[in-house]
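To keep things clear, I will list the structure first and then write my remarks on it.
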Number of protein chains: 2
Amino acid sequence: MSVEDAVGRLRDLVGLRRRVHGTAAEVAADALRELIMEGGLRPGDRVVEESLLGPLEVSRNTLREAFRLLAHEKLVEHKVNRGVFVRALTADDVRDLFTVRVLIELTALRRSREADWTAMSQAVAKGKACAKAHDWLGVGTANMRFHKAIVASVGSARLDELMGQLTAELRLGFHEMGDPRAFHEKYLTRNAGIVDAVSGGDVEGAVGLLHEYLDDAKTEMLAAFSSDR
Amino acid sequence: MSVEDAVGRLRDLVGLRRRVHGTAAEVAADALRELIMEGGLRPGDRVVEESLLGPLEVSRNTLREAFRLLAHEKLVEHKVNRGVFVRALTADDVRDLFTVRVLIELTALRRSREADWTAMSQAVAKGKACAKAHDWLGVGTANMRFHKAIVASVGSARLDELMGQLTAELRLGFHEMGDPRAFHEKYLTRNAGIVDAVSGGDVEGAVGLLHEYLDDAKTEMLAAFSSDR
DNA sequence: GGTTAGCAGATCGTTCAACAATCCTACGGT
DNA sequence: ACCGTAGGATTGTTGAACGATCTGCTAACC
């Protein structure tokens, strides 16, 4: 996406939400977050304050508040006196991300009940629909939703928030990887397998599958990240 | 602590760090955070912008950036057009906090190794020293450090950050409870028992002790929170 | 030739003053 | 007692200004 396209997209996003959501800073942050998630701003890109003042239709102070919001979500990095950069994951980040996922998701899956399994299988269905439409980023999003559904089994607001944070960071990594189809598609059937196992009563079998899943995904992402840094 | 005392304390905190730490907003946030932790601002208190402009020696915009920082740490609550309030935990918050702690700490303790045990026992020693000096809030801080040490066993930056967040929120709750000695002192020996068990090779015994510990602490805090709301 | 000092230019950090938007309270009508 | 409405207080947002800091370039120096 060119810089001009990104500016135009921002205008749309801002206009859409200006009076629906809360403060101007939140609206601006929402627009920027969406733009980053869509890939309009790529990891490592520098985001100059002045260049966004016009498109977002906010003042500099407000824009800086928006940056603070995104910085705390770890979507951008705020370097003092040097500006704001779209976050670029390191290999260490990827390792850490998966360490936390393993710890949380395995325990959560053990606690899951029937209502959780339906939420999980709905996410799988959504992913299959996206695959049929060749929407590979959609498949990735559906996969994330599947894992969020696992964590939701615990029923903790803070854990849900943490998982949202982790998936947002992982999505940043997706943009830096090559063929999205090759990366996302194969995990669809593995998700389905996990649902089958756990709803069939084989909880520990499902946990094992999930653990293998996470290890494989981690290895695959690490391969993409360790090669070029 | 009177309002005048709080203002004076803020001046000290600001002067101390003005040129040590980074931006003015961070310095202001640090000072406010410390003031809240010390109990100078109590949960539920409203924090009026104008009243802090002088003591903190920052402009309104910078102060508002500091508020954003604290809001993301969940130490204060930002209500649009109504101001900033020191966070007051609800019973649901306490339940959620302990749900997350149980999930994370039990798993972390299972993964702990000898180096982690020494860190844990150091925290216990620190707590005993505070108890001897009748510094009961210090005992509470040492207890939190003990649990942070458990989580640190995993070696995940994000998990450490999460645990820091959780302990900060819990400390907010401490201020709303009655006798700090009655609440903190008895957990000291239980922490020591956990260290003994795990370093003695009885990992699952230690995990059991930790689980009981967390359940008891949760019950005790809930009793204080459900009574008056 | 390579290294370092210093000089712009660009960008960020912070302040200030002003105005608009919103909320709270107290007053008065019913 | 209830309700709507002014008025004051506080927050939300803006725009311009100035100092501080980084970056890259030039030029002097070894």
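Proteins come first, then strands; the chains are lettered A, B, ... in the order of their sequence lines, and each starts at number 1.
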What one should report as the nearest heavy-atom pair of B:Met177 and B:Ala224 is CE-CB, 3.8 Å
Does the pair B:Leu52 and B:Phe67 meet the rule for a side-chain contact (heavy atoms from CB on, under 4.5 Å), with working shown?
CA-CA 11 Å; B:Leu52 295 178; B:Phe67 280 156; 4.0 Å; yes
Verify the ring-centre separation between B:Phe174 and B:His184: is it less than 6.0 angstrom?
yes
Interatomic distance where CD belongs to A:Glu57 and C1' belongs to D:dT14 [whole Å]:
14 Å
Ring-ring centroid check A:Tyr213 A:His147, cutoff 6.0 Å:
yes
Footprint string (nucleotides 5-12 of chain C, 5' to 3'): B base within contact, S backbone only, - free, heavy atoms under 4.0 Å:
------SB
Between B:Thr62 and C:dG13, does any side-chain N or O lie under 4.0 Å from OP1 or OP2?
no
Using whole Å, report how far CG of B:Leu63 lies from P of D:dG12.
11 Å
Note, B:Glu161 side chain near B:Leu166 side chain (heavy atom, < 4.5 Å):
no
Just wondering, more than 12 heavy atoms not from B:Arg33 lying within 6.0 Å of its CZ?
yes
Would you kindly give the CD-to-P distance between A:Glu26 and D:dG12, to the nearest whole Å?
10 Å
